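In what follows, a structure is listed as structure tokens, so that the remarks can point back to it.
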Amino acid sequence: MKRLPCLLWLACAGTGAALAQALSYAPPSVAVIEDAPPAVRRALQEASALESGPDGPETTDKLWQAAVLYCQASRWGSAEGQYRLGMLYAFGQGVPGNPSFAASLFSLAASLGHAQAHQMLDTIQLTSAKLPACVNQDQLPEKAPPPPNFFHDLPIDLQPGTGLSIEKYLLTLPNHKRWLIPLTTTMSAWYALDPKLVLSMIAVESNFNTGAQSPKAAMGLMQLIPDTAERFNVRNAFDATQNLRGGMRYLRWLLSYYRGNITYAAAAYNAGEGRVDRYKGVPPYPETRAYVKRVLGLYGSTRHAFDGNLTEASPWLTAGGR
């Protein structure tokens with residue numbers, strides 16, 4: 001899996017309020033706060049205010065302070081505190097990213113009836129019983145290091161205008177779309193996908209427009225058609241996290257089905273695996289051929305690692321030895 005500095009800078013660019021948008025952030029409901037004991041209520045209110053504040057040099061510190069408060073609420077049995085702390089660990093905000101801690105916290109909150117925690121368990125695709133120490137005892141969580149300066153010492157060869165690549169494309173994204181980069185980068189790791197490939201497909205599919213809708217009813221960032229959304233249990237295709245989850249699951253399956261061949265996987269993502277199998281390759285549709293060319297051009301490779309246990313290979317691919 002390729003890891004280039006540009007993606008790391010971009011992934012660190014969306015923090016605080018921007019990433020809160022990526023996580024479909026909403027303050028705890030009035031009912032949740034009113035039903036909580038006084039100490040839990042204060043912790044949730046203070047943490048929520050810190051988490052939803054504006055971005056700035058002290059964003060990491062504020063998110064860590066929110067994590068401290070969510071640790072307290074979690075120790076006191078608050079499902080909302082457990083869920084919120086899990087989100088911080090899932091996306092490495094304020095505390096170091098730790099999917100195992102996140103999965104365990106989501107599981108704990110889901111067992112108490114927290115619906116959003118249950119959805120995140122489905123998204124993160126991980127089972128764990130390992131909780132952060134701050135949930136089991138009164139101690140502070142580890143603090144995440146501050147993110148690097150986004151444009152500091154940016155290499156000349158990653159500047160816009162020197163050729164088509166996903167790195168250069170991302171540098172041209174307007175600020176109101178950049179919050180999607182850290183979200184996509186983090187979630188790609190959960191599904192063992194190179195974030196460069198996923199970001200390349202999003203660029204071609206929707207130009208990072210969460211509300212995109214095609215005449216063929218394809219919806220959201222990764223343009224899920226209703227059948228695909230249903231196939232991968234996506235209830236709201238215009239929700240960024242749900243859309244990415246469905247699109248990444250489908251892409252991961254396609255990469256397994258076509259044994260890491262991105263050309264065939266991209267063609268199938270656009271036209272369906274049935275048509276790729278029928279034509280034993282990229283179908284002769286101008287739209288599909290242009291789509292594949294654009295994705296490969298942005299990504300810069302035709303191969304990707306795959307999990308052969310997800311599904312059997314396409315029959316014609318196996319028969320042809322390709």
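Everything quoted here is computed from the prediction, not taken from an experiment.
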If you look at every heavy atom in [X] and [Y], which pair is closest and at what distance?
X	Y	answer
V68	P141	CG2-CD, 3.7 Å
T123	M187	CG2-CE, 3.6 Å
Y83	A109	N-CB, 4.0 Å
L112	G77	CD1-O, 3.8 Å
A103	L126	CB-O, 3.4 Å
R259	R303	O-NH2, 2.6 Å

Give a yes or no on this: more than 12 heavy atoms of other residues, nucleotides or ligands lie within 6.0 Å of atom CD of Q213.
yes

Spacing of [X] atom [atom1] and [Y] atom [atom2] [to the nearest 0.5 Å]:
X	Y	atom1	atom2	value
I124	Q119	CD1	CD	14.0 Å
K196	L170	NZ	CG	10.0 Å
L44	L69	CG	CG	9.0 Å
Y269	Y250	OH	OH	8.5 Å
F106	H118	CZ	NE2	13.0 Å
E51	R84	CD	CZ	6.0 Å

Ionic contact status for K293 with E287, cut-off 4.0 Å
no

Taking the basic N atoms (NZ, or NE/NH1/NH2) and the acidic carboxylate oxygens, is any pair closer than 4.0 Å for E230 and R235?
no

How far apart are the C-alpha atoms of W316 and S314, what are their side-chain angles, what is the distance that settles it, and do they pass the side-chain hydrogen bond (donor to acceptor under 3.5 Å, both in side chains) test?
CA-CA 6 Å; W316 68 268; S314 168; 2.9 Å; yes

May I ask you to decide if R289's main-chain N or O and R294's side chain share a donor-acceptor pair within less than 3.5 Å?
no

T186 side chain vs P182 backbone, donor-acceptor pair below 3.5 Å:
yes

Taking the ring of W179 and the ring of F91, is the distance between their centroids below 6.0 Å?
no

Should N270 and Y285 be marked as a side-chain hydrogen bond (donor to acceptor under 3.5 Å, both in side chains) after you check the CA-CA gap, both sets of side-chain angles, and the distance that decides it?
CA-CA 10 Å; N270 178 264; Y285 309 143; over 6 Å; no

One pair to check against salt bridge (Lys or Arg N to Asp or Glu O under 4.0 Å): R231 and E273. What are the steps and the verdict?
CA-CA 14 Å; R231 177 178 173 183; E273 62 265 26; 3.2 Å; yes

Qualifying side chain to side chain donor-acceptor pair (under 3.5 Å) pairs, either residue in residues 199-209, two or more places apart:
Y169-N207, E205-Y291

Using the six-membered ring of W190, assess whether NZ or CZ of R252 lies under 6.0 Å from its centre and within 45 degrees of the ring axis.
no

Residue pairs involving residues 94-121 (criterion salt bridge (Lys or Arg N to Asp or Glu O under 4.0 Å); sequence neighbours excluded):
none

